[in-house]
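Report on one structure; see the data block that follows.
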Amino acid sequence: MRILVYKWRAYNYADICEAFLALGYDILTYEQDLDNYDEDSEFEALLANMIVEEACDMVFTVNYFALVTSVCEKTHVPYVVWTCDNPLISMYHKNVFCPCNYFFTFDKTNFLEFREMGVSHIWHLPLAVNTKRLDYLLGHFYDQALYENDIAFVGSLYERNSYDRLRPSLPEYLQGYFDAAIWAQQCISGGNIIEEMLPVGILERLQQYFKLEKSEGSFSDLGLIFSTTVLGFKTAAEQRRRALLELSKKYHVTIYSNSDTSGLFKVRYGGSLDYWSEMPKVFAASKINLNFTIPNIKSGLPLRIWDILGSGGFLMTNFQAEIPAYFKNKEDLVCFESIEELSELSGYYLAHEEERRRIAGNGYKKVKKYHTFEQRIEQMMELVKKENGGGKKWNKS
């Protein structure tokens with residue numbers, strides 16, 4: 001079976017492709033930037049020709065591109081999608097209902113939402129980690145002292161969020177209302193209340209100041225777009241800065257990021273990291289690794305969680321609804337419900353090295369045994385084959 005993999009800027013493509021190959025599938029990769037995910041006649045023609053000329057049996061992408069559905073409908077091949085972002089605004093498009101699509105979404109709330117809409121081929125599939133790659137990298141000599149930290153956070157501060165640009169143009173009432181919504185969301189762990197805090201009256205006022213731009217085939221609405229692309233990112237920015245500043249009052253904290261960290265006065269800036277060669281070393285060498293899940297991800301586990309655990313790192317994360325399905329709190333990782341609890345737990349685990357190492361070891365063993373990319377891809381392909389009648393072309397090469 002031959003699979004055409006359209007690649008874009010997603011970190012987990014290399015691990016996914018490696019898993020396809022390890023399972024015996026033949027893959028062909030193609031990479032090109034797109035200005036429009038919904039329609040691009042030149043790209044669609046190129047993709048269609050590639051499918052026919054290379055005799056591809058399936059197209060795969062990380063996240064969804066409506067124009068790929070159009071191509072797969074015309075060429076009569078399945079289009080398989082595995083999401084790593086939520087909500088995926090591109091999925092709110094009429095093309096999601098086409099029968100050629102096979103969706104695997106890492107966030108269970110997203111899966112339930114689209115299944116209730118009537119999307120027929122959709123399943124919940126969490127993200128994963130390539131422990132073989134990480135074991136090889138971390139098993140070779142490197143200067144561990146360069147990557148050691150008491151507490152480390154690797155990620156964005158979202159300081160270039162659109163809310164900060166929009167806020168000055170809003171009337172005082174809307175400024176206060178949205179500021180309150182952002183604060184309220186920060187007080188909630190493992191849930192998302194932002195969209196519920198945008199009733200019709202607020203959205204009607206907002207329309208005067210915020211222009212909703214979408215394609216003809218999109219059925220996303222103002223509440224969804226504003227709650228995620230504007231308020232969601234601002235909430236994450238506020239939460240991350242507050243947490244890091246609070247921790248830095250008592251502990252040595254390092255941030256690795258491409259963001260502007262100038263306001264984090266007592267937080268050490270470690271620079272930006274290469275995802276493949278440097279980031280796992282930080283996870284392995286740091287005493288505590290932090291994860292703050294952006295509230296746009298309502299229940300699922302972001303890739304950072306899997307990467308930290310797969311590197312053998314000790315993880316402290318905000319609670320997410322799906323964590324208990326895969327991990328035990330204070331056995332495989334440690335969850336916090338508030339910034340105050342995060343600070344208290346950080347002090348405890350910095351002082352209890354043996355317990356910290358045991359928890360990190362448990363988390364590593366669990367992802368290595370149950371949550372690899374090969375296991376996920378095998379599960380995915382079994383479901384796709386089953387839906388396609390399990391014909392000969394769906395077998396491995």
*Taking atom types as modelled, is there a side-chain donor on Y364 or T131 under 3.5 Å from an acceptor on the other?*
no
*Do you see a donor-acceptor pair shorter than 3.5 Å between the side chains of E159 and S259?*
yes
*asked:* Test of understanding: with side chain to side chain contact (heavy atoms under 4.5 Å, CB included), list the residues that count as partners of K298, not counting sequence neighbours.
replied: N86, D107, T109, N192, E195
*Residues forming a side chain to side chain contact (heavy atoms under 4.5 Å, CB included) with K281, sequence neighbours excluded*: L137, L138, Y142, Y147
*Tell me, please, which residues at least two apart from S338 pass side chain to side chain contact (heavy atoms under 4.5 Å, CB included).*
E340, E341
_Closest non-hydrogen atom pair between G191 and Q185, with its separation_ = O-NE2, 2.8 Å
_Would you say N63 and D85 are linked by a side-chain donor-acceptor pair, where the criterion is simply a distance under 3.5 Å?_
yes
_Does E344, at its CD atom, have more than 12 non-hydrogen atoms belonging to other residues, nucleotides or ligands within less than 6.0 Å?_
no
*Is the closest side-chain donor-acceptor distance between Y11 and D307 under 3.5 Å?*
no
*Would you please classify the geometry between the Y348 ring and the H352 ring as parallel, tilted or perpendicular, with 30° and 60° separating the classes?*
parallel
*asked:* Please tell me whether Y6 and F60 form a close aromatic pair, meaning their ring centres lie under 6.0 Å apart.
replied: no
*Which pairs with one or both residues in residues 160-185 pass salt bridge (charged side-chain N to carboxylate O under 4.0 Å, His left out), sequence neighbours excluded?*
D164-K234, R167-D179
*Would you confirm whether S277, through its side chain, and D274, through its main-chain N or O, come within 3.5 Å as a donor-acceptor pair?*
no
_Under 3.5 Å, is there a donor on one side chain and an acceptor on the other for Y102 and N388?_
yes
*Closest approach of S90 and Y37, non-hydrogen atoms and distance?*
CB-CD1, 4.5 Å
*asked:* Under a 3.5 Å cutoff, is there a donor and acceptor pairing between the side chains of S70 and N95?
replied: yes
*asked:* Test of understanding: with side chain to side chain donor-acceptor pair (under 3.5 Å), list the residues that count as partners of R304, not counting sequence neighbours.
replied: N291
_I'd like to know if the side chain of T228 pairs up with that of N296 as donor and acceptor (distance under 3.5 Å, no hydrogens or angles considered)._
no
*Could you tell me whether W8 atom CH2 has more than 12 heavy atoms of other residues or ligands within 6.0 Å of it?*
yes
*Pairs satisfying ring pair (Phe, Tyr, Trp, His ring centres under 6.0 Å), at least one member in residues 248-270, at least two apart*: none
*For Y92 and E113, what are the C-alpha separation, side-chain angles and deciding distance, and is it a side-chain hydrogen bond (donor to acceptor under 3.5 Å, both in side chains)?*
CA-CA 11 Å; Y92 293 81; E113 177 186 5; 3.0 Å; yes
*Using only heavy-atom distances, determine whether the side chains of Q175 and Y173 contain a donor-acceptor pair under 3.5 Å.*
no
Table please: side-chain donor-acceptor pairs of residues 318-329 below 3.5 Å, with sequence neighbours left out.
from	atom 1	to	atom 2	distance (Å)
N318	OD1	T293	N	2.8
N318	OD1	T293	OG1	3.0
N318	ND2	Q320	OE1	3.2
Q320	NE2	I297	O	3.2
Q320	NE2	G300	O	2.9
E322	OE1	H124	NE2	2.8
E322	OE2	K108	N	2.7
E322	OE2	S299	OG	2.6
E322	OE2	G300	N	3.3
N329	OD1	C335	N	2.8

*Go through the structure and list residues passing side chain to side chain donor-acceptor pair (under 3.5 Å) with T75, not counting sequence neighbours.*
none
*Quick one: pull up CD1 in I51 and NZ in K74 and give me the separation to the nearest 0.5 Å.*
11.0 Å
*Where do Y79 and T61 land on the side-chain hydrogen bond (donor to acceptor under 3.5 Å, both in side chains) test, with the steps shown first?*
CA-CA 8 Å; Y79 174 27; T61 65; 2.7 Å; yes
Between side-chain atoms of residues 204-215 and protein atoms elsewhere (two or more places apart, or another chain), which donor-acceptor pairs fall under 3.5 Å?
from	atom 1	to	atom 2	distance (Å)
K214	NZ	S220	O	2.6
S215	OG	D38	OD2	2.4

*According to the salt bridge (charged side-chain N to carboxylate O under 4.0 Å, His left out) rule, which pairs have a member within residues 219-231, sequence neighbours left out?*
none
*Under 3.5 Å, side chain of Y163 to main-chain N/O of F178, donor-acceptor pair present?*
no
_By side chain to side chain contact (heavy atoms under 4.5 Å, CB included) - contacts of A236 (at least two apart)_ = Y158, R240, I294, P295
*Could you tell me whether D26 and R2 make a salt bridge, using a distance below 4.0 angstrom between a side-chain N and a carboxylate O?*
yes
*In terms of the angle between their ring planes, are F373 and W82 parallel, tilted or perpendicular, with boundaries placed at 30° and 60°?*
perpendicular
_Check: L224 main-chain N/O paired with S227 side-chain donor or acceptor under 3.5 Å_ = yes
*Check: R133 main-chain N/O paired with N130 side-chain donor or acceptor under 3.5 Å*: yes
*Decide, yes or no, whether a salt bridge links E246 with K249 under the criterion of side-chain N to carboxylate O below 4.0 Å.*
yes
*May I have all residue pairs that pass salt bridge (charged side-chain N to carboxylate O under 4.0 Å, His left out) and include part of residues 347-357, sequence neighbours excluded?*
E353-R357
